[in-house]
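Notes to accompany the following structure.
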Amino acid sequence: AGLPTSPTPTAPFGTLWLDPSSSFVLGFGTAPGSGIVSGAVALPVGLPPGLIVSLQCVADLGAGLELSTPSLVTLR
């Protein structure tokens, strides 16, 4: 997760849509065959309501790492 920014190509992984200086890891694990993972995550204390953050996954699809399409989330 991190602050959204302009897209940055990161060959061969895909496009990074997060500001690397403000990014942090929310979790990691194995996805089921459907590729859909859901869950709750604890965010750092002090983030202001209304802040827009971007969520982006890094997946190992067997042929190497690949970046997902990002999702924007507004904190409440």
Side-chain angles (χ1 to χ4, degrees):
L3 298 176
T5 189
S6 299
T8 304
T10 58
F13 309 113
T15 303
L16 180 65
W17 291 82
L18 305 177
D19 176 359
S21 68
S22 68
S23 298
F24 53 94
V25 175
L26 292 177
F28 57 91
T30 303
S34 67
I36 298 173
V37 178
S38 64
V41 295
L43 296 174
V45 176
L47 296 177
L51 180 67
I52 297 174
V53 296
S54 183
L55 304 175
Q56 188 172 21
C57 295
V58 178
D60 182 352
L61 303 177
L65 299 177
E66 185 175 318
L67 292 167
S68 72
T69 302
S71 297
L72 295 178
V73 178
T74 303
L75 301 183
R76 300 189 184 268

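In this chain, numbering begins with 1 at the start of the sequence shown.
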Pairs of donor and acceptor atoms involving the side chains of residues 40-65, under 3.5 Å and at least two apart or interchain, shall be tabulated with distances.
unit_1: Gln56; atom_1: OE1; unit_2: Trp17; atom_2: N; d: 3.0
unit_1: Gln56; atom_1: NE2; unit_2: Thr15; atom_2: O; d: 2.8
unit_1: Gln56; atom_1: NE2; unit_2: Ser68; atom_2: O; d: 2.8
unit_1: Asp60; atom_1: OD1; unit_2: Gly62; atom_2: N; d: 3.0

### Considering all heavy atoms, the nearest Leu67-Leu16 contact
CD1-N, 3.8 Å
Can I get a per-line list of side-chain donor-acceptor pairs under 3.5 Å for residues 23-38, giving both atom names and the distance, sequence neighbours left out?
unit_1: Ser23; atom_1: OG; unit_2: Asp19; atom_2: O; d: 2.7
unit_1: Ser34; atom_1: OG; unit_2: Ile36; atom_2: N; d: 3.2

